[in-house]
Amino acid sequence: DGVTGVQTCALPIWTPSLGTLRELPVPELLRAIHQDALGGVLLLDHGRKKKAIEFRGGWPVLVRSNLVTECLGHHLVEKGLVTHAQLDESVERMRGGEGLQGEILVAMDVLDEDGLVAALEDHALEKFLEIFGWRDGRFEIRRGVHLERGSSIGIDGHPSRLIVDGVRHRYPLKQIDRYFAAHRDAF
């Protein structure tokens, strides 16, 4: 600008309703969604992986995945919080109508309530951050709709922090270098 002599990167401040992740990579897509204060659901398709993320005012609030391996129980086993036997018992009790898996695991004294809350937050964040590893795929935005079920994303700070964390932990360094090289004249 005229005051500092610094130009800002000219990324869109509107979000297209359809596109590919090659045209609009995940970090840029999420930035546009936040700038637009989007309310609705972002649908992502990457081969057999599908995710749905609900946004309110540009902030991600819920995430849902079609993969069984991204269920809460699998996450808890992977993190060493429950055993396979405890997971199997909780699934059987869920099928018997005893409630949600987290509630059942608390009733079984496998997790306490604070441990469950922490595990649910970590699980949702992992499902969300996984999309930063997607280099291709399709996206669709459905404005004004909501997810019926999903994992709540607890944001610690601003949504831009999620973007930074996603890039830092899930983006290859080559991809970051290519992005900066392509935009070096924008700053």
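This structure is a prediction, so every number in the text was calculated from the model and none was measured.
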Quiz item: Same cluster or not: are Trp59 and Val164 linked, directly or through other Ile, Leu, Val, Met, Phe, Trp or Tyr residues, by side-chain heavy atoms under 4.5 angstrom apart?
Solution: no
Quiz item: Is there a donor-acceptor contact under 3.5 Å from the side chain of Lys51 to the main chain of Lys127?
Solution: yes
Quiz prompt | Set of side-chain hydrogen bond (donor to acceptor under 3.5 Å, both in side chains) partners for Asp112, sequence neighbours left out | solution = none
Quiz item: Hey, any chance Val63 and Leu67 share a hydrophobic cluster, counting ILVMFWY side chains that come within less than 4.5 Å of each other, even indirectly?
Solution: no
Exercise. Go through Val110 and Ile104 one step at a time and tell me if the side chain to side chain contact (heavy atoms under 4.5 Å, CB included) criterion holds.
Key: CA-CA 9 Å; Val110 174; Ile104 292 168; over 6 Å; no
Quiz item: For Leu129, does its backbone N or O pair with a side-chain atom of Asp165 as donor and acceptor, under 3.5 Å?
Solution: no
Quiz item: Which heavy atom of Ser151 sits nearest a heavy atom of Ala124, and at what distance?
Solution: CB-CB, 3.6 Å
Quiz item: Does one hydrophobic cluster hold both Leu125 and Leu111, with members joined at side-chain heavy-atom distances below 4.5 Å?
Solution: no
Quiz prompt | Non-hydrogen atoms of Leu105 and Gln86 that approach each other most closely | solution = CD2-O, 4.2 Å
Quiz item: Should Val117 and Leu120 be regarded as members of a common hydrophobic cluster, given that ILVMFWY residues are connected when their side-chain heavy atoms come within less than 4.5 Å of each other, either directly or indirectly?
Solution: no
Quiz prompt | Sub-4.5 Å side-chain heavy-atom contact between Ile53 and Val41 | solution = no
Practice problem: Any chance you could measure Arg178, atom CZ, to Leu173, atom CG, to the nearest 0.5 Å? | Solution: 10.5 Å
Self-check item: Arg135 side-chain N/O to Phe132 backbone N/O, donor-acceptor pair under 3.5 Å
Solution: yes
Practice problem: Report the residues that fulfil side-chain contact (heavy atoms from CB on, under 4.5 Å) with Pro25, sequence neighbours left out, ordered by chain and then residue number. | Solution: Pro27, Glu28, Tyr171
Quiz item: Which residues satisfy the side-chain contact (heavy atoms from CB on, under 4.5 Å) test with Leu62, sequence neighbours excluded?
Solution: Glu54, Arg56, Leu147, Ser152
Quiz item: Is any side-chain heavy atom of Ile163 less than 4.5 Å from a side-chain heavy atom of Val26?
Solution: no
Quiz prompt | Residue pairs involving residues 92-125 (criterion ring pair (Phe, Tyr, Trp, His ring centres under 6.0 Å); sequence neighbours excluded) | solution = His75-His123
Self-check item: Side-chain heavy atoms of Val77 within contact of Leu87, under 4.5 Å
Solution: yes
Quiz item: Does the Asn66 side chain pair with the main chain of Lys50, one donor and one acceptor, at a distance under 3.5 Å?
Solution: yes
Exercise. Taking all heavy atoms of Phe128 and all of Leu162, pick out the closest pair and write down the distance.
Key: CE2-CD1, 3.8 Å
Donor-acceptor pairs under 3.5 Å, side chain of residues 94-103 to any protein atom, not counting sequence neighbours: which ones?
{"residue": "Arg95", "atom": "NH1", "partner": "Glu92", "partner atom": "OE2", "Å": "3.2"}
{"residue": "Glu98", "atom": "OE1", "partner": "Arg93", "partner atom": "NE", "Å": "2.8"}
{"residue": "Glu98", "atom": "OE1", "partner": "Arg93", "partner atom": "NH2", "Å": "3.1"}
{"residue": "Gln101", "atom": "OE1", "partner": "Gly73", "partner atom": "N", "Å": "3.3"}
{"residue": "Gln101", "atom": "NE2", "partner": "Ser90", "partner atom": "OG", "Å": "2.9"}
{"residue": "Glu103", "atom": "OE1", "partner": "Leu100", "partner atom": "N", "Å": "3.2"}

Quiz item: Within a reach of under 6.0 Å around NE2 of His84, are more than 12 heavy atoms found that belong to other residues, nucleotides or ligands?
Solution: no
Quiz item: What ring pair (Phe, Tyr, Trp, His ring centres under 6.0 Å) pairs are there with at least one residue in residues 88-122, not counting sequence neighbours?
Solution: none
Quiz item: Yes or no on side chain to side chain contact (heavy atoms under 4.5 Å, CB included) for Leu44 and Leu21, after CA distance, side-chain angles and deciding distance?
Solution: CA-CA 9 Å; Leu44 297 157; Leu21 297 177; 4.1 Å; yes
Quiz item: Are any of the side-chain heavy atoms of Leu18 and Phe139 separated by less than 4.5 Å?
Solution: no
Quiz item: Is the side chain of Glu121 donor-acceptor paired with the backbone N or O of Ala118 at a distance under 3.5 Å, no angle test?
Solution: no
Self-check item: Heavy-atom closest contact (Ser17 atom, Arg143 atom, distance)
Solution: OG-NE, 4.1 Å
Quiz item: Would you call Lys49-Glu70 a salt bridge at under 4.0 Å N-O?
Solution: no
Practice problem: Give a yes or no answer on whether the side chain of Gln175 reaches the backbone of Pro172 with a donor-acceptor pair at less than 3.5 Å. | Solution: no
Quiz item: Should Tyr179 and Trp134 be regarded as members of a common hydrophobic cluster, given that ILVMFWY residues are connected when their side-chain heavy atoms come within less than 4.5 Å of each other, either directly or indirectly?
Solution: yes
Quiz prompt | Phe55 to Leu30 - nearest heavy-atom pair and separation | solution = CZ-CD2, 3.7 Å
Quiz item: If every non-hydrogen atom of Asp136 is compared with every non-hydrogen atom of His46, which pair is closest and at what distance?
Solution: O-ND1, 2.8 Å
